[in-house]
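Below: the structure, in structure tokens.
When a ligand or atom number is given, it counts from 1 through the structure's own listing order.
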Amino acid sequence: MGINRGEVGRANRLIEESDSVVVLSHQNPDGDAFGSVLGLGLMLRGAGLNVKASWPDPVELPLKYEFLPGKELLISPADLRPQGLVIAVDCANAGRLGELEDAVLKVDNIINIDHHPDNSLFGTVNLVDAAASATTEILYEEADDLGLELDRDIAVCLYTGLVTDTGRFQFSNTSAETFRIASELVEMGAEPNRLYEEIFQGDTLSYMRLTGEMVSRAVFEPETGLVHVFMPQEELRRFGVEMNETEDLIDSLRTLRGHRIAALFKEQDDGRIRVSLRSRADTDIGTVARSLGGGGHRVAAGYTSEKGSFEEALQELKGEIVAP
Ligand code: AMP
Ligand code: MN
Ligand code: MN
């Protein structure tokens, strides 16, 4: 699914005709969501638009993303009155906009820029490319045709999306194109080692201890290749870690030899269980997440279980996993 050039032209005209724009991304945002919102927000501001940026609450950057430029564009969803033009980035469907969904679906024009294979094309204009490793890769490729310019701060934002969504250029979505773009972003001033230190060496001691606790309780089932663990709210409180700091926690399960699928069950504030799934390249976990009401990529996906307990949610997941 490549990007339709006509859609790019339409997006370009909408941006040219607008004085203001709201840039949004998905709930439980990750590095690609932050990098896309802030990178695109800065590009649009540079083009003379009045820009507001947000995502479903809490609109805070986790500590390790605080270095990102463009934070001044952020505004709480409660203070946002989207009208005119909205641009959604890294967001597979309108439901992922959480409490912002209803207001967004009422605006005249929505540009949907994303790389999820299950994108619902909810925009009035859709720039969707499932072959892109990150949404920031699409923003880099299309900036020129959208009439937008890059600078060093924007390169830092776009590189952040690339390096996080590709697992530091090692997941199966990493292509020669990804490296080419990364190289150009580095030439523009993104510093790989500084960003590595900020993002991947930016753990608090509380987070490291929570990781240790989680790994120590992980269960591996060699017959299905599933490694799984439940993280109750109480544990977050005990370790003093916020939920929005736990987006990468699952990566600590993925280094296990012989596993096929990693599943992290996180109890939410409201008691529901959000399940993050990751798989090795030969196992499609996106289909599993979709059949349980969620979505995502082939090797990184998620959903929120309707089951009341971890045990039931685990059984539900096992029912959808096809034996190797
Ligand atoms: P996560 O484990 O939350 O980081 O999610 C991994 C991937 O699955 C991301 O690409 C998400 O956009 C996608 N994803 C997670 N939860 C959902 C959901 N409820 N509906 C659709 N896509 C989801
Ligand atoms: Mn994302
Ligand atoms: Mn992404």
Side-chain angles (χ1 to χ4, degrees), residues 23-40 55-56 61-62 65 88-98 101 112-122 127-141 157-167 169 171-175 178 181 199 214 228-229 231 243-254 261-268 270 272-279 284-306 313 316-317:
V23 185
L24 301 175
S25 193
H26 62 81
Q27 56 198 5
N28 311 122
D30 48 23
D32 191 27
F34 300 132
S36 295
V37 165
L38 298 177
L40 179 61
W55 51 79
L61 288 171
Y65 291 106
V89 286
D90 198 43
C91 189
N93 57 67
R96 301 275 291 151
L97 294 167
E101 175 182 8
N112 161 25
I113 307 179
D114 184 40
H115 70 131
H116 288 88
D118 52 354
N119 188 287
S120 68
L121 307 180
F122 63 96
L127 311 188
V128 176
D129 183 2
S133 63
T135 297
T136 62
E137 184 172 314
I138 303 176
L139 293 175
Y140 180 86
E141 294 280 36
C157 293
L158 300 189
Y159 184 95
T160 296
L162 271 194
V163 75
T164 54
D165 258 22
T166 60
F169 307 108
F171 293 161
S172 53
N173 57 354
T174 310
S175 66
T178 315
I181 294 172
I199 303 168
M214 181 203 70
H228 62 78
V229 65
M231 206 184 63
M243 184 59 92
N244 72 356
E245 294 175 65
T246 65
E247 288 313 305
D248 304 327
L249 198 56
I250 191 170
D251 288 339
S252 299
L253 297 177
R254 303 178 76 183
I261 298 170
L264 175 57
F265 296 74
K266 298 186 209 175
E267 185 187 12
Q268 308 291 291
D270 62 4
R272 297 205 302 162
I273 298 173
R274 204 182 121 212
V275 187
S276 284
L277 298 173
R278 302 290 185 271
S279 65
D284 175 10
I285 209 71
T287 310
V288 172
R290 270 187 289 288
S291 65
L292 293 170
H297 307 276
R298 189 179 158 83
V299 295
Y303 64 97
T304 299
S305 176
E306 298 302 328
E316 173 189 51
L317 172 63

Just jot down the ligand 1 atoms closer than 4.0 angstrom to any heavy atom of [X], in number order.
{"X": "H297", "result": "10 (O)"}
{"X": "G294", "result": "18 (C), 19 (N), 20 (N), 21 (C)"}
{"X": "G296", "result": "8 (O), 13 (C), 22 (N)"}

Distance, nearest 0.5 Å, that separates [atom1] of [X] from [atom2] of [Y]:
{"X": "D129", "Y": "I113", "atom1": "CG", "atom2": "CD1", "answer": "12.0 Å"}
{"X": "E141", "Y": "L158", "atom1": "CD", "atom2": "CG", "answer": "11.0 Å"}
{"X": "Q268", "Y": "M231", "atom1": "CD", "atom2": "CE", "answer": "8.5 Å"}

Query raised in the report: Any N/O/S atom of H116 sitting less than 2.8 Å from the Mn ion (ligand 3), backbone or side chain?
Result: no
**Report entry** In the protein, N/O/S atoms that are found under 2.8 Å from the Mn ion (ligand 2), waters not counted
**Finding:** H26 NE2, D30 OD1, D30 OD2, D90 OD2
**Report entry** Intermediate values then yes/no, side-chain contact (heavy atoms from CB on, under 4.5 Å), N173 and H297
**Finding:** CA-CA 10 Å; N173 57 354; H297 307 276; over 6 Å; no
Donor-acceptor pair, distance only, cut-off 3.5 Å: does the side chain of [X] make one with the backbone of [Y]?
{"X": "D32", "Y": "T135", "result": "yes"}
{"X": "T164", "Y": "G161", "result": "yes"}
{"X": "T136", "Y": "L162", "result": "yes"}
{"X": "D90", "Y": "H115", "result": "no"}

Report task. Report the part of H26 (side chain from C-beta onward, or backbone N, CA, C, O) that has a heavy atom under 4.0 Å from ligand 1; answer both or neither where that applies. Result -> neither
Query raised in the report: So H116 and H26, would you call those rings parallel, tilted or perpendicular, with 30° and 60° as cut-offs?
Result: perpendicular
Requested in this report: Classify the angle between the aromatic ring planes of F34 and Y65 as parallel (below 30°), tilted (30 to 60°) or perpendicular (above 60°).
Outcome: tilted
Among all protein heavy atoms, pick out the one at the shortest distance from [atom]; state its residue, atom name and that distance to 0.1 Å.
{"atom": "atom 17 (C) of ligand 1", "answer": "G302 O, 3.3 Å"}
{"atom": "atom 11 (C) of ligand 1", "answer": "R96 NH2, 3.4 Å"}
{"atom": "atom 8 (O) of ligand 1", "answer": "A301 CA, 3.1 Å"}
{"atom": "atom 2 (O) of ligand 1", "answer": "S276 OG, 2.7 Å"}
{"atom": "atom 10 (O) of ligand 1", "answer": "H116 NE2, 2.8 Å"}

**Report entry** Salt bridge flag under 4.0 Å for residues E101 and R96
**Finding:** no
Report task. In plain terms, say whether R274 and E247 are close enough for a salt bridge, that is, a side-chain N and a carboxylate O under 4.0 Å apart. Result -> yes
Query raised in the report: With respect to atom 20 (N) of ligand 1, which of A300, G295, A92, A263 exhibits the smallest heavy-atom separation?
Result: G295
Requested in this report: Tell me which one of R274, E247, H115, R278 gets a heavy atom nearest to atom 3 (O) of ligand 1.
Outcome: R274
Query raised in the report: For ligand 1, is there an N or O atom under 3.5 Å from any N or O atom of T304?
Result: no
